[in-house]
*Asks:* 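Please see the structure below; I have some questions.
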Amino acid sequence: MKAEPEVNLELAKELGLTEEEFAKIIEFLGRMPNYTELGMYSVMWSEHCSYKNSIAMLKTLPRSGGPLLVSAGEENAGLVDIGDGWAVAFKIESHNHPSAIEPYQGAATGVGGILRDIFTMGARPIAILDSLRFGDINDDRVKYLVKGVVRGIGDYGNCFGVPTVGGETFFDPSYNANPLVNAMAVGLVRHNRMASATAKGEGNPVLIVGAATGRDGIHGATFASEEISEASEEKRPSVQVGDPFTEKLLMEATLEIIKEDLIVGIQDMGAAGITCSTTEMSAHGSSGMEIDLDLVPKREKGMSAYEILLSESQERMLVVAKKGCEDRVKEIFRKWDLPAINIGRVTSDGFVKILYEGKEKAVVPADSLVLGGGAPVYHRESRSPAYLDQTRMFDPDTIPVPRDMQDVFLALWGSPNIAGKQWVFEQYDTSVRTNTVLYPGGDAAVVRVKETKKALAMSTDCNSRYVYLNPKKGAMIAVAEAARNVVCTGAKPLAITNCLNFGNPYKPEIYYQFKEAVLGIGEACRAFGTPVTGGNVSFYNENPTGAVYPTPVIGMVGLIDNPECIVPTGFQHEGDSIILLGINRDDLSGSEYLARIHGVVAGDAPYFDIEEELKLQAMCLEAIQAGMVCSAHDISDGGLLVALAECCILNKAPIAAVVTVIDSMRRDALYFGESQSRIILSVHPPLVDELMRLAEKRGVPSAVIGTVGGSVLEINSDIAMPLDSISKAYSLSLPRLLK
């Protein structure tokens, strides 16, 4: 085994630490760290693990209250009470940098990691969602990334046996070298079977369970905390390799030992591997650990203590068993054909002590490495980006109103951000476990909660173009749209998780975007009563050509108490009346129409008023729960005309409509503007008056704009299109673009 390098400031900087951080480590230890200890601090104090540049702002979010069972950040995933002794666990995380280098494994292991966060809570995963961002679809490298990422997500989820039920896919040149791959998982757990990521009880045995440890993923957390460059390809070993079949066995064994009450705590070995799980569990339990790395199963020879501690090999857990229960834990894992090896014990001195080859390789105070303990916290400089001065000067009157709205519609309809994503979600198993009620493609997915009459609606949302144009308002809209999407299925929004994807936080303009977006999320969540259960921050999503659009993805979960009130997106019955809730506005800001048809990304984010939004959603949900509504669909990307066309085709038996909607505004703004707080409903004619009275009572503008029926979508005198041609273009556009 080669000699370890000399520990000095230069080495610390190579590992991503600053001079001040290196000095702080020496202060914590009261001496110079050795190479292994320096490696442990370098990964735990990386942005990916410590949140050192984001935690100050994250603490401003509403992190408790309502139906939450644990406050944000306390456990592997958030937990929300849904009644009848059940809780829902959910979380979203990024795997952006690995996916940029190795798209298949990067995406696959992103799914594997988020699933482990769910079942280490004692929850059985019931659904996966994703939020994907790619560059220019005409670029060959981008096509390669899209195909690899989608295949990786599909293969892992399909093999593991959990349905991938929803998500979003967005294309923009800002993501050319930096795709964003955010994965969300949702699970269910009984209140009396919840597990904790904690270590306590002096002498309790510590076991490593699951796969063997190799050299894959070493310094993956550090890799995720730096900008992508030409040298990034050389860091392919930082990308982990996943095995969904092993993970499936790991889940079953994990849930069994939790059910039998054999353990004190359990944590996934995700970013920073053994280092992360030993230090975080110890700090959480105000305890320590003594670990012997000689006992860790390894799949490669000659591994150093540094490599074993920092490896991010997948499908591994750290378990603190109750004293005397370790043999039963091992027996259960043997049954599932998995190793469970006792590698140490819990101590009471607050230190994590690492032994290897008969020597003491590291002795570090657990609390000094972790978020909320000794990890550094920074308040970065913030400055409004200069580009906002330019974009706000945009005058929509400089854009000519097109003569042929049908031609514009067809151009938008076939664009990658509007076209149907069947090519993506048809690679996913969306119905395994037979709980899926509403499938991908609509406003939100719905999954039933077996053993109850309840169901859960779930969605991921963010229009990053809005956030680019107005970081605070754009982030508020992301929360509002996520809530609107679950409301349109008949669900009451419960809580959110978020994945905050931004550029380099050391750049004041980037930190401004991040700071304003977090403020916007907080303001919206307080208004909606949806606390933030946790999530992920992914900085450094940029390369020498610039940063990605700021992309704070919102994962929303809502509860449906009565499954008979579940409402689909598409029109259902000939002769139903079509009702527009909300107001059309003369607003083209931030629209797909401006970007795709005119090549303009300028102006402000679209019109948004949170009080209007709250009234709209409350009234819509009340109408759905009262049984008045046959279908509901929010108006978002592409505007009114796109939403109407989607209502016609997003059902098992497509059905057209005749619509008359005339307002005194630009026709392109009427058809393609994306002003918020609008929903399209279809209602049986005898219930129209009752619904309109409810809308008036709740202060929500409403209008009957058409009738469901026929085989041709007709809108005013501008659109007359056969439904079969609309459906075909919607489903075939994306596969053609990806050829």
Side-chain angles (χ1 to χ4, degrees), residues 94-111 128-158 164 166-183 227-230 232-236 239 241-242 410-428 430 440-441 460 462-465 501 538 541-549 551 553 592 595-597 599 601 637-638 728-739:
S94 64
H95 232 222
N96 303 336
H97 283 53
S99 300
I101 302 304
E102 215 306 303
Y104 180 85
Q105 289 294 351
T109 52
V111 173
I128 301 166
L129 299 92
D130 56 43
S131 178
L132 310 177
R133 301 292 192 283
F134 300 103
D136 183 350
I137 199 169
N138 297 307
D139 182 276
D140 287 342
R141 170 73 180 175
V142 169
K143 292 179 182 180
Y144 161 75
L145 292 172
V146 173
K147 293 171 182 177
V149 164
V150 171
R151 191 161 52 89
I153 292 170
D155 284 1
Y156 204 100
N158 295 353
T164 302
E168 54 179 350
T169 308
F170 184 86
F171 296 86
D172 186 90
S174 76
Y175 303 103
N176 271 354
N178 299 84
L180 302 185
V181 178
N182 295 178
E227 294 179 19
I228 291 178
S229 65
E230 292 181 2
S232 296
E233 188 69 24
E234 299 171 9
K235 299 188 178 181
R236 190 177 288 264
V239 180
V241 177
L410 290 172
L412 271 182
W413 191 244
S415 68
N417 291 337
I418 301 296
K421 305 304 185 294
Q422 292 95 325
W423 179 89
V424 176
F425 60 72
E426 284 178 356
Q427 296 186 52
Y428 306 154
T430 59
T460 57
C462 178
N463 188 310
S464 54
R465 192 183 294 124
N501 306 272
S538 176
N541 291 293
E542 59 181 286
N543 58 75
T545 65
V548 301
Y549 278 165
T551 312
V553 174
E592 182 73 15
R596 186 66 51 181
I597 304 301
V601 179
D637 299 358
K728 190 175 295 185
Y730 190 74
S731 61
L732 295 180
S733 291
L734 192 60
R736 286 170 179 163
L737 290 167
L738 285 169
K739 278 187 177 178

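Worth knowing before you read on, the calculation uses all heavy atoms, side chains too, and leaves out hydrogens, waters and symmetry mates.
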*Asks:* Is Gln427 reaching over with its side chain to a backbone N or O of Trp423, donor-acceptor style, under 3.5 angstrom?
*Replies:*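 Side chain of Gln427 to backbone of Trp423, a donor-acceptor pair under 3.5 Å: yes, one is there.
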*Asks:* Would you indicate whether the side-chain heavy atoms of Ser94 and Val181 approach each other to under 4.5 Å?
*Replies:*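 Heavy-atom side-chain distance check fails, nothing below 4.5 Å.
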*Asks:* At what distance, to the nearest 0.5 angstrom, does CD1 of Ile128 lie from OG1 of Thr164?
*Replies:*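 Going from the CD1 atom of Ile128 to the OG1 atom of Thr164 covers 4.0 Å.
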*Asks:* Nearest 0.5 Å please: distance from the OG1 atom of Thr551 over to the CG atom of Leu180.
*Replies:*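 Output value for this atom pair is 5.0 Å.
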*Asks:* Can you tell me if His95 uses its side chain to pair, donor with acceptor, with the backbone of Gly106 under 3.5 Å?
*Replies:*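 Checked: pair present.
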*Asks:* Closer than 3.5 angstrom, by distance alone: can the side chain of Gln105 be matched with the main-chain N or O of Gly242 as a donor-acceptor pair?
*Replies:*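 Looks like yes, one N/O pair under 3.5 Å.
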*Asks:* Any side-chain donor-acceptor pair under 3.5 Å between Asp637 and Asn463?
*Replies:*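 On atom types as modelled, these side chains qualify, holding a pair under 3.5 Å.
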*Asks:* Will you find, in the side chains of Tyr156 and Thr109, an N or O donor that is under 3.5 Å from an N or O acceptor?
*Replies:*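 Result is no, nothing qualifies.
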*Asks:* Taking atom types as modelled, is there a side-chain donor on Tyr104 or Asp155 under 3.5 Å from an acceptor on the other?
*Replies:*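 A donor-acceptor contact under 3.5 Å links the two side chains.
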*Asks:* Whether the Tyr428 and Asp130 side chains hold a donor-acceptor pair (N or O, under 3.5 Å, no angle test) is what I'd like checked.
*Replies:*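 Note: Tyr428 and Asp130 side chains meet the donor-acceptor criterion.
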*Asks:* So, the side chain of Lys421 versus the backbone of Pro416: is there a donor-acceptor pair under 3.5 Å, distance only?
*Replies:*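 Present.
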*Asks:* If every non-hydrogen atom of Ala183 is compared with every non-hydrogen atom of Gly110, which pair is closest and at what distance?
*Replies:*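 So the two residues come closest at CB-O, 4.1 Å.
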*Asks:* Of all residues at least two apart in sequence or in a different chain, which pass the ring-ring contact (aromatic ring centres under 6.0 Å, His included) check with Trp413?
*Replies:*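 Trp413 satisfies ring-ring contact (aromatic ring centres under 6.0 Å, His included) with Phe409, Tyr730 once adjacent residues are dropped.
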*Asks:* Have Asn178 and Asn96 got a donor and an acceptor in their side chains that come within less than 3.5 Å?
*Replies:*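 No, no side-chain donor-acceptor pair sits under 3.5 Å.
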*Asks:* Looking only at side chains, do Ser131 and Glu168 share a donor and an acceptor under 3.5 Å apart?
*Replies:*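 Result is yes, a qualifying pair exists.
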*Asks:* With no hydrogens and no angle check, is any side-chain donor or acceptor of Asp172 less than 3.5 Å from a backbone partner on Gly135?
*Replies:*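 Checked: no pair found.
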*Asks:* State, yes or no, whether a side-chain contact exists between Ser174 and Arg133 at a heavy-atom distance under 4.5 Å.
*Replies:*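 With C-beta onward as the side chain, the pair stays apart.
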*Asks:* Any non-hydrogen side-chain atom of Phe134 less than 4.5 Å from a side-chain atom of Thr169?
*Replies:*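 Of all side-chain heavy-atom pairs linking Thr169 with Phe134, at least one is under 4.5 Å.
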*Asks:* Flag the pair Leu145 / Tyr175 as yes when at least one side-chain heavy-atom distance between them is below 4.5 Å, and no otherwise.
*Replies:*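 No. Closest side-chain heavy atoms not under 4.5 Å.
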*Asks:* Check Asn182, Val149, Ile153 against Ser99 for a side chain to side chain contact (heavy atoms under 4.5 Å, CB included) and give me the one that passes.
*Replies:*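 Among Asn182, Val149, Ile153, the one meeting side chain to side chain contact (heavy atoms under 4.5 Å, CB included) with Ser99 is Val149.
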*Asks:* So, using side-chain contact (heavy atoms from CB on, under 4.5 Å) as the criterion, who are the partners of Ala547 when residues are at least two apart?
*Replies:*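 For Ala547, the residues satisfying side-chain contact (heavy atoms from CB on, under 4.5 Å) (neighbours in sequence not counted) are Ile510, Glu542.
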*Asks:* Given side-chain contact (heavy atoms from CB on, under 4.5 Å), test Phe170 with Leu132 step by step and report yes or no.
*Replies:* CA-CA 6 Å; Phe170 184 86; Leu132 310 177; over 6 Å; no
*Asks:* Just so I know, are the side chains of Leu734 and Val424 near enough to count as touching, which here means a heavy-atom distance under 4.5 Å?
*Replies:*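 They are in side-chain contact.
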*Asks:* Can you measure from CD (Gln422) to CG (Leu732) and round to the nearest 0.5 angstrom?
*Replies:*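 Those atoms lie 8.5 Å apart.
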*Asks:* Hey, could you give me the CG/CD1 distance between Leu412 and Ile418, rounded to the nearest 0.5 Å?
*Replies:*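 Separation between the atoms: 6.0 Å.
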*Asks:* Please report the interatomic distance CG(Leu738) to CZ(Phe171), rounded to the nearest 0.5 Å.
*Replies:*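 Those atoms lie 5.5 Å apart.
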*Asks:* What are the two closest heavy atoms between Pro440 and Gly166, and how far apart are they?
*Replies:*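 Closest pair (atom of Pro440, atom of Gly166, distance): CG-N, 4.2 Å.
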*Asks:* Could you walk me through whether Asn541 and His97 pass side-chain contact (heavy atoms from CB on, under 4.5 Å), step by step?
*Replies:* CA-CA 8 Å; Asn541 291 293; His97 283 53; 3.7 Å; yes
*Asks:* Atom CG in Asn176, atom CZ in Arg141: separation rounded to 0.5 Å?
*Replies:*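 Going from CG on Asn176 over to CZ on Arg141, the span is 11.0 Å.
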*Asks:* Would you kindly say whether Ser415 and Asn417 are connected by a side-chain donor-acceptor distance under 3.5 Å?
*Replies:*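 Side chains of Ser415 and Asn417: no pair found under 3.5 Å.
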